Amino acid sequence: MTLRLYDTATRSVRPLAPLQAGQVGVYVCGPTVQAPPHVGHLRSAVALDVLHRWLLASGFMVTFVRNVTDVDDKILHDAAHTAEPWWALATRTTRAFHRAYDAVQVLPPTGEPRVTGSIASITALIERIISRGHAYASGGDVYLAVRTAPGYGQLSGQDPDQLRASDKAVAHGHTGTKRDPLDFALWKAAKPGEPSWSSPWGPGRPGWHIECSAMAVDHLGESFDIHAGGIDLVFPHHENEVAQSRAAGHGFAQHWLHHGLVTVAGGAEKMSKSLGNGTLVDDVLTEVRPQVLRYVLGAGHYRSPLEWSPAAVADGEAAYGRIETFVRNATDAVGDQPVDEALAKASWEEFAAALDDDLSVPQALAAVHSAVRVGNALLAAGEPPALAATLSVVRRMLTVLALDPVGQWPSAAGGDLRGVVDTLVALAVEARADARAAKDWVRADALRDRLTAAGIVLEDIVVDGVAGVRWRLAGHDR
RNA sequence: GGCCGGGUGGCCGAGUGGUUUAGGCAAGGGCCUGCAAAGCCCUGUACGCGGGUUCGAUUCCCGCCCCGGCCUCCA
């Protein structure tokens, strides 16, 4: 079984065919660090993290590059309205993105280039494009001559003759020195008060698209395997990247992977910092556990739109809670088993086949849930060897999705207070056991009710024929 | 207006030219339990509308309706 992925360029699912056997290079259009991340940004990171982790789990050596766009119109615009320098805003926001990624266990990229650190590569690339006759300098700006780019519009399915310069571009005066309204800026002449870098065309800064072409080639070579990003970037961003990279004579990306967006308010519109309706990650994390957030953002198919709502969070909490409960109960029964790759082969193969089929996480989770159901039955039947095998494969599957409840997530239960609480609960449990032994149900239930009111749930269980009691925290601190 | 993607049972969300038609949540019934909690079992027959192709379509084709994305600086 080999990994098959949807390719936007061909509008079909096709096998991933690495340029070099055993190695995969991935370039991801990372955030423009203008404002703190919302859950839409995180959905992007989680979806592509599944790709990253599945490539690693499949045995590939992965070079995963995700850039940071740390200088652009919006950053400059926002900074201009405060006392904060643009670079301070970009740095502060970059840290916020890193915190958000870390919170939901997104693997760090192999490389994380910044635009401001890539200016030399960018100007060199622009010079190369000019020398090949596909770009021209004009009044301190440099534009790509779109009409000279063969196949322009192929990636996004746009017909150049149908495209027309938008009113927005006209309003911004971006058509002023262009030869053709479709041409887009590779280099923008400095305006008063804006940061600039020296170049053969005078002081200025990169246009929007050129930085990705330059950074991708810097880190992955002139041709590389996968270029990924949000579906909203297909046009113009990725279309323009292809155009300028091919104009430079580069093969560029072999496979284009785009994920769907997060919507709010009944799917009415995507989240966007431009619209100001983003749900900020920091705010969400005050109410939603990070592992549940990861589950909610990662549970759907990466290409489907994802609706963000309280109901979606509640669904995720319930579904993930079921998995957590199984792992906790099974671990109590058989101990913290190391993952045994030879066991529970069928579940793993079902899981792997799902991810190989265009990263079908929904089907992969169905395999997880099926295994959990089998495991719960084994738990009830008291069959430790088979249970250990099932627990092992469940945790192995969850590890690929970064959703193993054990170990990798911070405990919300208060860390070092856990032992103290355990002792205090044990006191109450003993008192209740005495009451139950005396069939004093009123007193037994009163004791349990007081614990319930404190957020502690008791579960009467039977282990190897012996009655016992286990406790857990309710709700968020499960 | 142009280009994409989508409309699946109470909800979320996979999938498929027919046959045993994911998974989760919610609902009803049962088992277990002193009562709970956790768990297990059973039940529910869905594919926007209208045509067409076919022995047979939710799945393919055409048209329509509705929703979402993009059309130069959004992941």
Side-chain angles (χ1 to χ4, degrees), chain A residues 8 11 28-32 34 37-38 40-45 47-48 69 72-74 153 156-159 161-166 168-170 172 174-175 181-185 188 207-209 228-237 239-240 258-263 266-275 278 299-301 303-305 307 309 311-312 314-320 322-323 325-326 328-329 350 354 360-370 372-373 375-377 379-381 436 439 441 444-445 448-449 452 457-462 469-472 474:
Chain A
T8 304
R11 308 200 183 285
V28 175
C29 283
T32 297
Q34 170 211 9
H38 54 60
H41 294 114
L42 216 46
R43 192 265 169 109
S44 172
L48 299 176
T69 299
D72 95 317
D73 287 354
K74 288 190 167 185
S156 59
Q158 298 290 333
D159 177 355
D161 292 328
Q162 297 285 350
L163 292 168
R164 55 180 198 276
S166 75
K168 211 190 285 184
V170 174
H172 282 79
H174 289 169
T175 58
L182 288 184
D183 294 350
F184 58 90
K188 305 169 86 156
W208 177 31
H209 317 292
I231 190 78
D232 54 343
L233 293 180
V234 175
F235 190 90
H237 186 53
E239 190 71 60
N240 289 356
H258 292 101
H259 64 259
L261 306 178
V262 175
T263 60
E269 57 191 16
K270 70 167 178 170
M271 307 193 64
S272 163
K273 55 195 172 193
S274 311
L275 295 172
H301 190 98
R303 285 196 281 123
S304 299
E307 186 180 333
S309 67
D315 273 8
E317 176 67 53
Y320 187 64
R322 181 178 158 77
I323 292 170
T325 298
F326 167 70
R328 174 172 50 79
N329 292 350
E350 185 185 346
S360 184
V361 173
Q363 289 185 90
L365 283 174
V368 172
H369 277 108
S370 295
V372 165
R373 187 165 3 86
N376 275 323
L379 190 59
R436 295 181 74 203
K439 300 211 186 298
W441 307 126
D445 288 352
R448 186 175 61 195
D449 288 347
T452 303
V457 180
L458 295 190
E459 297 176 5
D460 293 329
I461 56 170
V462 177
V469 180
R470 140 178 99 205
W471 70 272
R472 63 180 167 84

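Reminder, nothing fancy here: chain letters follow the sequence lines and each chain counts from 1. What you see is a predicted model; the values in this text were computed from it and never measured.
- To the nearest angstrom, C1' of C3(B) lies 8 Å from CZ of Arg11(A).
- Rounded to whole Å, the distance from CZ on Phe184(A) to P on C70(B) is 19 Å.
- Counting only Watson-Crick or G-U wobble pairs whose defining distances are both under 3.5 Å, the stems of 3 or more consecutive pairs in RNA chain B are B:1-7 with B:65-71, B:10-12 with B:23-25, B:27-31 with B:39-43, B:48-52 with B:60-64.
- We find that CD of Glu459(A) is positioned 10 Å from P of A37(B), with the value rounded to whole Å.
- In this structure, the CZ atom of Arg303(A) is 18 Å from the P atom of G69(B), given to the nearest Å.
- Comparing the C1' positions of A27(B) and C11(B) gives an interatomic distance of 11 Å, to the nearest angstrom.
- Atom-to-atom distance recorded for Arg43(A):CZ and His259(A):NE2 is 6.5 Å, nearest 0.5 angstrom.
- Here G69(B) is the nucleotide among A22(B), G69(B), A75(B) with the atom lying nearest to any side-chain atom of Ile231(A).
- Residue contacts shown for Asn329(A) are limited to sugar-phosphate atoms, with no base heavy atom under 4.0 Å away.
- If you measure from atom CG of Asp460(A) to atom P of A37(B), you get 11 Å, rounded to the nearest angstrom.
- C47(B) and G10(B) have their P atoms separated by 9 Å, given to the nearest Å.
- Residue Gln363(A) contributes atom CD, which lies 9 Å from atom P of A14(B) at whole-angstrom precision.
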Next item on the list: Encode nucleotides 24-29 of chain B as B, S and - characters from 5' to 3', where the letter depends on protein heavy atoms closer than 4.0 Å: B to the base, S only to sugar-phosphate, - to neither.
Entry: BS----

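- Asp460(A) has its side chain within reach of Arg436(A): a pair of non-hydrogen atoms, C-beta onward, lies under 4.5 Å apart.
- Comparing atom distances between the Thr325(A) side chain and each of A14(B), C71(B), A38(B) picks out A38(B) as nearest.
- Nearest-nucleotide positions on RNA chain B place Ala367(A) closer to the 5' end than the other of Ala367(A) and Trp208(A).
- The distance between atom CD of Gln34(A) and atom C1' of C74(B), rounded to the nearest whole Å, is 9 Å.
- Here the separation of A75(B) from C70(B), taken at their C1' atoms, is 14 Å to the nearest Å.
- Relative to the side chain of Arg436(A), the nucleotides C35(B), A38(B), U72(B) differ in distance, and C35(B) lies closest.
- Distance His301(A) NE2 to A14(B) C1': 10 Å, rounded to the nearest Å.
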